[in-house]
Amino acid sequence: MRPSESPPPRSMSPHGPGHRGSHCPCKGDPVRWSSAFIPTLRDDPADAEAVSHKLLVRAGLIRQLMAGHYSLTPLGFRALRKVEAIIREEMDKIGAQEFRLPCMHPKEIWEKSGRWSSVGEEMFRLKDRKQADLALGMTHEEIFAYHATEMRSYKQLPQLWYQFQTKFRDEARPKSGLLRVREFTMKDSYSFDLDQAGLDRAFDNHFDAYRRIFKRLGFEAVAVEASSGLMGGNQSIEFMMKSDAGEDWIAHCGQCGYAANVEKAQSQLPAAIDGAGLSTPEEFPTPGVRTIDDLAKMKGGAPAERQIKTLVYQVDEKTILVLLRGDHQLAEQKLVDQVEAQKIHPADAEEIQRLLGARPGSLGAVGRRDLYVIADEALRGRRDMVTGANKDGFHLRGVDVERDIDVKAWLDLREVRSGEGCPACGASFSVHKTIEVGHIFKLGTKYSVAMGAYVQDEKGGSVPMIMGSYGIGLERNLAAIVEANHDEKGICWPVNTAPYEVVVSVVKPNDVACHEAGEALYEKLKAAGIDVILDDRDERPGVKFNDADLVGFPYRVTIGPKGLAEGIVELVRRHDGEKRDLKLAHAAETIVEAVLDERR
RNA sequence: CGGGCCGUAGCGCAGUCUGGUAGCGCGCUUGACUGGGGGUCAAGAGGUCGCGGGUUCAAGUCCCGCCGGCCCGACCA
């Protein structure tokens with residue numbers, strides 16, 4: 001049996017106003033609802049949208065301090081520590097060693113990796129009294145790599161280090177309660193290896209550990225290929241949980257299991273069948289046509305899939321044209337990932353007018369050999385297409401993409417959509433909204449080189465350690481559990497992460513028999529190592545039941561005069577409402593068994 | 001950072017257009033009855049109307065400025 005993570009419970013005030021009845025502190029010091037701080041709310045908070053946000057606030061687990069910063073109440077903190085304990089167990093299982101690093105860092109170390117300037121406004125920065133520049137850590141690659149410099153020999157590798165630490169990220173838009181915040185706890189781990197095979201092993205170990213973690217937390221997470229973004233490195237996998245409260249889209253194939261972030265996902269399209277087209281493009285008037293849709297609807301126009309969409313992008317100092325099929329959407333991250341640039345953004349109307357001589361709506365790449373033109377793969381080999389003539393109110397038809405356009409690079413740029421063919425097996429896949437609950441990266445040597453984390457290999461040569469980094473945001477995962485485990489009445493905590501596993505609801509606390517039976521059952525459960533809370537409040541039964549449902553304890557035992565008269569108490573399982581009458585004498589054993597059975 | 005909405009009692013809201021005693025529901029306090037899904041009765045407590053300035057005899061209400069929050073978008077290790 002797992003040792004209980006609960007601290008020695010103590011009543012907030014032995015003489016508090018809510019205190020009723022007598023109890024001897026030496027008998028186990030019950031956690032009494034009447035003296036606990038559990039600020040449940042009858043109404044949804046007005047400013048919450050996401051289900052987890054509403055429920056965590058309403059059930060009294062969290063309170064907001066300011067946008068993107070939340071306090072956890074004792075109940076919320078208990079749940080978070082259970083999440084933490086599960087993650088810690090799984091990290092220890094793969095041989096990781098726990099650290100605790102500072103969350104405040106000197107500028108110098110971030111300058112060494114180049115990120116002091118590259119991360120920009122998302123990093124909180126401050127000065128100390130000596131005017132030295134400091135940062136609040138948003139991640140710890142630099143700091144762990146810095147400590148890794150103490151290793152000198154390949155014999156000391158591999159190393160796998162981790163910590164739980166507060167991260168600070170000055171998000172432009174914190175939202176959805178705990179899902180997107182500016183201050184949060186992260187489990188971040190870092191692997192240091194001599195060679196690629198070692199990194200692969202550490203990465204795979206994390207992959208497996210993460211699978212186990214999310215399973216134990218109580219939801220399904222899909223592993224997807226992802227863009228590594230600012231982290232650098234060559235491979236990264238995100239763990240995504242399906243949820244409407246999420247903000248990342250992934251493509252997922254139910255047939256073969258292929259999954260990828262839409263920033264990366266590819267798909268199979270049915271081959272387009274084109275007519276012979278014209279021997280040379282022909283201009284034709286399209287008065288008032290400003291969009292793909294306009295042209296599709298216009299008499300003598302062309303369906304979207306026969307059009308070429310021309311986008312103008314500013315890549316650092318250079319302006320480029322990006323071509324897609326008319327009915328396709330650009331996945332901007334794909335562009336960012338495939339062109340080497342610091343900054344990429346759509347060109348503004350003035351720049352477009354200056355460069356192409358027309359407004360958006362009539363743009364095209366035909367004959368523009370002077371511009372750098374990138375085209376999406378879906379346009380390769382297409383003939384008889386329609387595109388803008390770079391003259392307001394005119395388009396060209398009969399365009400043969402490869403013949404008439406000087407395409408400098410063919411890239412995969414389009415955003416996939418539900419119903420398209422899975423690139424792996426061809427079955428039609430779907431695109432879902434998801435919450436990113438974990439992310440693992442193969443970093444390579446970027447940070448070890450920057451920090452000078454080298455070891456001598458067998459031949460005496462100096463080589464940089466190969467790093468990986470692996471993160472899980474705890475509060476976001478807590479919210480994900482709620483997103484995945486709730487109903488119209490409230491949260492349905494899985495036993496593994498419930499703030500308390502059992503609530504003993506005493507229906508009529510002023511009745512001596514009820515009171516004593518409640519206390520006795522509470523003591524038995526406590527002694528058996530169950531996390532249990534005693535609802536001894538002088539409230540109507542309905543209030544207690546609704547609160548218990550709202551907070552979502554996995555099991556509720558109801559003790560009331562009616563049942564007691566027959567020597568019976570009622571056990572209700574929260575997630576499916578299953579009810580069982582238990583003989584008072586054996587109730588504790590049955591409940592303990594039920595709870596232990598669900599701990600994983 | 002752009003667009004929209006909002007800030008009045010612990011929570012949810014009305015009152016703002018059209019300036020004139022700051023309200024409702026829930027919650028809270030005390031007492032009584034009650035007690036297996038938010039009960040009833042009675043008596044209470046609780047508000048710098050986000051902040052600052054201005055107009056006015058008079059500002060929750062009108063004007064100016066600021067702060068804070070939510071949503072959409074941009075952004076996101």
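Proteins get letters first, then strands, A, B, ... in listed order; numbering begins at 1 in each.
- You won't find any donor-acceptor pair under 3.5 Å spanning the side chain of A:D47 and the base of B:rG69, going by distance alone.
- Regarding A:E539, its CD atom lies at a distance of 15 Å from the P atom of B:rG37, rounded to whole Å.
- Each of A:K544 and A:P45 was assigned the nucleotide of RNA chain B with the nearest heavy atom; the assignment lying further toward the 5' end belongs to A:P45.
- Base pairing of B:rG19: no nucleotide in any strand meets the Watson-Crick or G-U wobble criterion (both distances under 3.5 Å).
- What separates CD of A:E49 from C1' of B:rC70 is a distance of 8 Å, to the nearest Å.
- Contact annotation: side chain of A:D44 to base of B:rG12, donor-acceptor pair absent below 3.5 Å.
- Within 6.0 Å of NZ on A:K433 lie more than 12 heavy atoms contributed by other residues, nucleotides or ligands.
- If you check every strand for non-hydrogen atoms under 4.0 Å, A:E332 touches sugar and phosphate atoms only.
- Closest approach to the A:R180 side chain among B:rC76, B:rC71, B:rG35 is made by B:rC76 (side chain taken as heavy atoms from C-beta onward).
- The base of B:rG12 does not come close enough to the side chain of A:D43 for any donor and acceptor atom to sit less than 3.5 Å apart.
- Distances from the side chain of A:V543 to the nucleotides B:rG39, B:rG69, B:rG38 place B:rG38 closest.
- Counting non-hydrogen atoms under 4.0 angstrom, A:P39 reaches nothing in the nucleic acid.
- Nucleotide B:rC76 holds its P atom 15 Å from the CE atom of A:M240, rounded to whole Å.
- With both pairing distances under 3.5 Å, B:rG12 is matched to B:rC24 as a Watson-Crick or G-U wobble pair.
- The nearest whole Å value for the distance from the CG atom in A:L56 to the C1' atom in B:rC11 is 17 Å.
- A centroid separation of 6.0 Å or more is found between the aromatic rings of A:F144 and A:Y447.
- Each of A:L65 and A:E122 was matched to the nucleotide of RNA chain B holding its nearest heavy atom; the match closer to the 5' end belongs to A:L65.
- Remark: B:rU55 base-pairs with no nucleotide in the shown strands. Criterion, Watson-Crick or G-U wobble with two distances under 3.5 Å.
- One atom, NE2 of A:H345, and another, C1' of B:rA74, lie 13 Å apart when rounded to the nearest Å.
- Considering only side-chain N and O atoms, A:R42 lies under 4.0 angstrom from the phosphate OP1 or OP2 of B:rG27.
- In this structure, A:Q64 reaches the B:rC70 phosphate: one of its side-chain N or O atoms is under 4.0 Å from OP1 or OP2.
- Shown here, B:rC1 forms a base pair with B:rG73; the pair counts as Watson-Crick or G-U wobble because both key distances fall under 3.5 Å.
- For A:N510, the side-chain atoms get nearest to B:rG35 when compared with the rest of B:rG35, B:rC70, B:rG38.
- Because its NZ or CZ atom is not both nearer than 6.0 Å to the ring centre of A:F164 and within 45° of the ring axis, A:R100 does not count as a cation-pi partner of that residue.
- On a pure distance criterion of 3.5 Å, no polar donor-acceptor pair joins the side chain of A:R169 and the base of B:rC76.
- For the pair A:R173 and B:rC72, the criterion of a side-chain N or O lying under 4.0 Å from OP1 or OP2 is met.
- Of all nucleotides listed (B:rC13, B:rC71, B:rG35), B:rC13 comes nearest to the side chain of A:A46.
- The cationic group of A:R417 does not satisfy the cation-pi geometry with A:W249, failing either the under 6.0 Å distance to the six-membered ring centre or the 45° limit from the ring axis.
- One interatomic measurement links the two molecules: NE2 of A:H439 to C1' of B:rC76, which rounds to 12 Å at whole-angstrom precision.
- When both distances must be under 3.5 Å, the Watson-Crick or G-U wobble mate of B:rC66 is B:rG50.
- With a 6.0 Å cutoff to the six-membered ring centre and a 45° limit on the axis angle, A:R537 counts as a cation-pi contact of A:W33.
- Remark: A:K508 is not in phosphate contact with B:rU34, judged by side-chain N or O atoms under 4.0 Å from OP1 or OP2.
- Here B:rG35 is the nucleotide among B:rC76, B:rG37, B:rG35 with the atom lying nearest to any side-chain atom of A:D538.
- Taking the six-membered ring for Trp, A:W161 and A:Y190 have ring centres at least 6.0 Å apart.
- Side-chain N/O atoms of A:R540 and base N/O atoms of B:rG36 include no donor-acceptor pair closer than 3.5 Å.
- The aromatic ring centres of A:F239 and A:F214 sit less than 6.0 Å apart.
- Both distances falling under 3.5 Å, in either a Watson-Crick or a G-U wobble arrangement, place B:rC41 opposite B:rG31.
- Distances were taken from every side-chain heavy atom of A:D549 (C-beta onward) to each of B:rG69, B:rG37, B:rG12; the shortest belongs to B:rG37.
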